[in-house]
Amino acid sequence: HSIQFQFQNINVIQSILDYLPNSSFSATSGTTNCQPSNIRVNTANAWCASNGNNDTINSEYIQIDLLKKMKLESISASGGVTGYEFQWSRNGQIWNIYTGRNPIIVDNHDFTQDIIAEFLRIYPLTYHGNTEMEVEVYGYDWVVIEELRRENCDYSFVNTITPSANMSNGEVLTGQGMDIEFWMEI
């Protein structure tokens, strides 16, 4: 059987890091004013590797626990770090190195390969003046999509306001006013 889910006026791709608790961020180094959770854009400070020399900076990283699997679309970074390596993991044990453009130059960067991750690592490689860094990662919840695929359902995201499901018998179910997460569990 086939169900097609449609979401309207919902920005499926979202800023991910703003919604995470401070405990989701850890690093191999940091200082009092440069805590790992400061890597989020628009915080009072930024995260910075405590060793500001080229001999040790390549071994330092920040790790982010996304708390669930996310499909990553892009990354944006700013600060004194001018290039970095990006790694991701689905389980926190086996790590993949992003191979699109490495090192990634600090700017907005759309990923050129599918990245589904629950954990991220960012290794600063080069910097100018200081090792401060702020990052934003954009993506969406991948668990919902996996569930739909497992049930062999067709799905799509469209630009309207009401979630709906088109049943294989032609019946259309709508969830106007329903919580999206609740709707997806049905």
Side-chain angles (χ1 to χ4, degrees), residues 11-147 149-150 181:
N11 187 3
V12 175
I13 298 174
Q14 61 183 328
S15 167
I16 296 172
L17 304 185
D18 290 341
Y19 304 103
L20 297 176
N22 289 347
S23 60
S24 285
F25 302 86
S26 60
T28 55
S29 65
T31 63
T32 303
N33 293 329
C34 296
Q35 296 298 312
S37 60
N38 290 346
I39 198 161
R40 291 178 282 207
V41 176
N42 298 322
T43 57
N45 296 303
W47 172 71
C48 51
S50 64
N51 295 318
N53 65 62
N54 285 326
D55 294 332
T56 59
I57 192 171
N58 294 350
S59 64
E60 296 186 16
Y61 63 86
I62 186 162
Q63 182 168 311
I64 304 167
D65 180 350
L66 301 175
L67 304 176
K68 59 185 172 182
K69 287 188 178 84
M70 303 290 287
K71 169 70 168 78
L72 306 181
E73 295 290 330
S74 64
I75 188 168
S76 176
S78 61
V81 172
T82 57
Y84 59 93
E85 180 179 279
F86 180 81
Q87 295 185 11
W88 77 94
S89 174
R90 291 185 184 196
N91 60 15
Q93 304 294 318
I94 300 169
W95 292 89
N96 303 286
I97 299 172
Y98 177 67
T99 58
R101 179 174 70 182
N102 205 0
I104 297 175
I105 307 302
V106 173
D107 63 357
N108 295 329
H109 181 75
D110 293 332
F111 293 119
T112 57
Q113 65 193 83
D114 282 342
I115 298 177
I116 300 159
E118 189 167 344
F119 300 90
L120 312 178
R121 282 187 181 166
I122 299 169
Y123 289 80
L125 298 177
T126 58
Y127 65 96
H128 179 72
N130 61 59
T131 59
E132 291 182 352
M133 185 174 202
E134 290 184 328
V135 171
E136 186 51 84
V137 179
Y138 299 93
Y140 56 89
D141 188 333
W142 188 247
V143 175
V144 170
I145 303 304
E146 283 186 289
E147 283 299 317
R149 285 185 180 171
R150 191 179 342 220
E181 289 184 23

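Remember, predicted model here, so these are calculated numbers, not experimental data.
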*asked:* Going by the rule ring-ring contact (aromatic ring centres under 6.0 Å, His included), which residues pair with Phe111 if we only count those two or more places apart in sequence or in a different chain?
replied: Phe86, Tyr98

*Give every residue pair that meets the salt bridge (Lys or Arg N to Asp or Glu O under 4.0 Å) criterion with at least one member in residues 108-122, sequence neighbours excluded.*
Lys71-Asp114

*Is there side-chain contact between Leu120 and Gln63, with at least one heavy-atom pair below 4.5 Å?*
no

*When rounded to the nearest 0.5 angstrom, what distance separates CE in Met133 from CD1 in Ile39?*
5.5 Å

_Testing the basics here: between Asp141 and Lys68, what is the closest heavy-atom pair and its distance to 0.1 Å?_
OD2-NZ, 3.1 Å

*Sequence neighbours excluded - salt bridge (Lys or Arg N to Asp or Glu O under 4.0 Å) pairs with any residue from residues 17-28*: none

_Can you list everything that forms a side-chain hydrogen bond (donor to acceptor under 3.5 Å, both in side chains) with Asn42? Sequence neighbours excluded, please._
none

*Between Ser37 and Asn22, which heavy-atom pair has the shortest distance, and what is it?*
CB-OD1, 3.4 Å

_Taking the side chain as everything from C-beta on, heavy atoms only, tell me whether Thr126 gets closer than 4.5 Å to Val81._
no

*Excluding sequence neighbours, so at least two apart, what forms side-chain hydrogen bond (donor to acceptor under 3.5 Å, both in side chains) with Glu136?*
Ser15

_Stepwise side-chain contact (heavy atoms from CB on, under 4.5 Å) test for Val135 and Val41_ = CA-CA 6 Å; Val135 171; Val41 176; 5.9 Å; no

*What is the distance from atom NE2 of His109 to atom OG of Ser74, rounded to the nearest 0.5 Å?*
9.0 Å

_Let me confirm one number: the CD1-CZ distance from Ile116 to Arg90, rounded to the nearest 0.5 Å._
4.5 Å

*Heavy-atom closest pair, residues Pro21 and Leu67*: CD-CD1, 3.7 Å

*Could you list the residues that satisfy side-chain hydrogen bond (donor to acceptor under 3.5 Å, both in side chains) with Ser26, not counting sequence neighbours?*
none

*Shortest non-hydrogen separation from Leu72 to Ala117 and the atoms involved*: CD1-CB, 4.2 Å

*Sole candidate of Phe25, Tyr84, Trp47, Tyr123 that passes ring pair (Phe, Tyr, Trp, His ring centres under 6.0 Å) when paired with Tyr61*: Tyr123

*Got a second to check how far Cys48's SG is from Asn130's CG, nearest 0.5 Å?*
7.5 Å

*Reported OG1-to-CD1 distance for the pair Thr28 and Ile62, which is rounded to 0.5 angstrom*: 9.0 Å

*Close side-chain approach of Ile64 to Val137, heavy-atom, < 4.5 Å*: no

*Ignoring hydrogens and geometry, is there a side-chain-to-backbone donor-acceptor pair from Ser29 to Ala49 under 3.5 Å?*
no

*Search all heavy atoms of Gln14 against all heavy atoms of Met70 and return the closest pair with its distance.*
NE2-CE, 4.4 Å

_Closest approach of Glu60 to Pro124 (non-hydrogen atoms, all atoms of both residues)_ = O-CD, 3.3 Å

*Do Asn38 side-chain atoms and Asn33 backbone N/O form a donor-acceptor pair below 3.5 Å?*
yes

*Trp95 side, atom CH2; Gln87 side, atom CD - distance, nearest 0.5 Å*: 7.0 Å

